[in-house]
Amino acid sequence: MDIFGMSSLLLPGVFSAMTGADGILCLLLGMAGGALLLWLMGANIKHVNGDYYSYMKDMAGQVIADVFMVFYFLYFVTLSGYVLYELTTLTLSWMLPEGSFWGVGAVLLLLAVYGSVRGIEGRARVYEIIFWFLGIPLILMLLFAMPEVNSAHWTPVVASDGLQLLSGGAWTLVFQLPFSALLFLLPFCKKPEKMAACGRQALLGVTFLNAVIYLILLGAFGQNAMGVLKRPVLTLMGMVNLPGGFFTRQDVLMTAVWFFALFALLNTGIFQGGLILKELCHETKRNYSLYLVAVLAFFVGKGLFEHQFLSEIYEIYQFSIALPGMFFILLVLLLMRQVKIGAKPGKGGASDVEE
């Protein structure tokens, strides 16, 4: 749900304006990048004894580990603010047109903080129920949308240049960066060695769903029409004709799929930001870190809501800092581990020096 909600909501519009039918190739490139990220995560996870922060301190030292933690903290705080902006905009556009950002945003953040305080296991079980409850109607709606597809819109294929494909792949990979939250969930897992494998299953599932949704959207609207729609998948939900015509506002019902998916990502961002700040500040039992992260996320989201240029700055941050930084940290930790292993003397090394 974390990866699916934001990517399926925004990527179709990005691909239609950038690559047309080659958006499928961008999804595959992004999946390859996501698989590499998960492989780097798995290579580090198998050497973690305890939590990820302690592992970073062992490999790179206290100062560098703190710098890395600040990087992760800023990522999850800004992610929470951006998701709050998108979620509030979605709510005000489709559910509460007379509402305000202050009211909707505050309620959403309070719910996210409450969910984080209640614990990760309970939250996961609730999301599992929501996933199946909303996933089946989503699949049915996509099936009913199939008659609207004109396959002629799927051409031309491989008409984009390499830079456009790489840019589209990078966009896809940006929406997969929340996978890094898995690194901080090791203490909560009974079998942490399977975490990377679970991430790969989620990556395949999300890529498949996004590919199906993009092909249906492209076939129904065409590249030019889809490029001017802010959220084409929600527009499609309002156009689907259900058999019998007994339910005319299914678009509002289907908006709940993306509402809960985005809320899951918001909850993850708040939880991870609070968890990182709690470890940095050595907080024990209280939840001050969660409240601080929620306040910071609120003002980030409010700034994005009121000033369009901040969205452009956030995109630059994602591509220039967050995306390379995630790979850089994991690579540095692996290299530092190899250096530490190479620096250890072999058997008999001490006696050889003495002789």
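Worth knowing before you read on, the calculation uses all heavy atoms, side chains too, and leaves out hydrogens, waters and symmetry mates.
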Look up atom CE in M141 and atom CD1 in I216, then write down how far apart they are to the nearest 0.5 Å.
-> 11.0 Å
About how many Å separate CD1 of I3 and OG1 of T207, when rounded to the nearest 0.5 Å?
-> 10.0 Å
Check the pair L290 / K278 against side chain to side chain contact (heavy atoms under 4.5 Å, CB included), numbers first and verdict last.
-> CA-CA 8 Å; L290 282 174; K278 187 175 182 178; over 6 Å; no
Are N267 and Y114 close enough that a side-chain donor and a side-chain acceptor fall under 3.5 Å?
-> no
Interatomic distance, CD@E86 vs CG@L304, rounded to 0.5 Å, equals 9.0 Å
Measure the shortest side-chain to side-chain distance between L204 and M31 over non-hydrogen atoms and say whether it is less than 4.5 angstrom.
-> yes
Any chance you could measure L280, atom CG, to M69, atom CE, to the nearest 0.5 Å?
-> 4.5 Å
Between L110 and V107, is there a shared hydrophobic cluster once you connect ILVMFWY residues whose side-chain heavy atoms come closer than 4.5 Å?
-> no
Contact check, side chains of L84 and K302, non-hydrogen atoms, under 4.5 Å | no
Looking at L165 and L29, what are the two nearest heavy atoms and their distance?
-> O-CD1, 3.5 Å
Determine whether Y55 and L331 fall in the same hydrophobic cluster, where Ile, Leu, Val, Met, Phe, Trp and Tyr are linked whenever their side-chain heavy atoms lie under 4.5 Å apart.
-> yes
Could you tell me which non-hydrogen atom of L79 sits nearest to which non-hydrogen atom of P178, and how far apart they are?
-> CD2-CG, 4.1 Å
Using the six-membered ring wherever Trp is involved, compare the ring planes of F305 and Y85 and label them parallel, tilted or perpendicular (cut-offs 30° and 60°).
-> perpendicular
Are W258 and F4 side-chain neighbours, meaning at least one heavy-atom pair lies under 4.5 Å?
-> yes
Same cluster or not: are V70 and V300 linked, directly or through other Ile, Leu, Val, Met, Phe, Trp or Tyr residues, by side-chain heavy atoms under 4.5 angstrom apart?
-> yes
Looking at V63, L330, V332, I276, which hits side-chain contact (heavy atoms from CB on, under 4.5 Å) with F68?
-> V332
Pick one: which of Y82, F309, F319 meets side-chain contact (heavy atoms from CB on, under 4.5 Å) with Y314?
-> Y82
Would you kindly confirm whether V67 and L183 end up in one hydrophobic cluster when ILVMFWY residues are joined by side chain heavy atoms under 4.5 Å apart?
-> no
Looking only at heavy atoms, the pair that brings L262 and L90 closest together is CD1-CD2, 4.0 Å
Where is the tightest heavy-atom contact between G50 and P187, given as atom of each residue plus distance?
-> O-CG, 4.1 Å
Rounding to 0.5 Å, atoms OH (Y75) and OG (S80) come to a distance of 9.5 Å
Counting heavy atoms not belonging to F188, are there more than 12 under 6.0 Å from its CZ?
-> yes
So do the side chains of F76 and L275 get within less than 4.5 Å of each other, counting heavy atoms only?
-> no
Would you say L186 and D51 make side-chain contact, with heavy atoms under 4.5 Å?
-> no
What's the spacing between M326 CE and Q318 CD if we round to 0.5 Å?
-> 8.0 Å
If you group Ile, Leu, Val, Met, Phe, Trp and Tyr by side-chain heavy-atom gaps below 4.5 Å, do I24 and V212 land in one group?
-> yes
Which pair of non-hydrogen atoms, one from P324 and one from S320, has the smallest distance, and what is that distance?
-> CG-O, 3.2 Å
Answer whether the closest heavy-atom distance between the side chains of L333 and Y52 falls below 4.5 Å.
-> yes
Test side-chain contact (heavy atoms from CB on, under 4.5 Å), reference Y214, set P232, C26, S8, P12, output is P12
Can you check whether F263 reaches T91 side chain to side chain, under 4.5 Å on heavy atoms?
-> no
With the side chain counted from C-beta on, respond yes when M41 and L37 share a heavy-atom pair under 4.5 Å apart, and no when they do not.
-> yes
Tightest non-hydrogen contact, residues T268 and A181, listed as CG2-CB, 4.1 Å
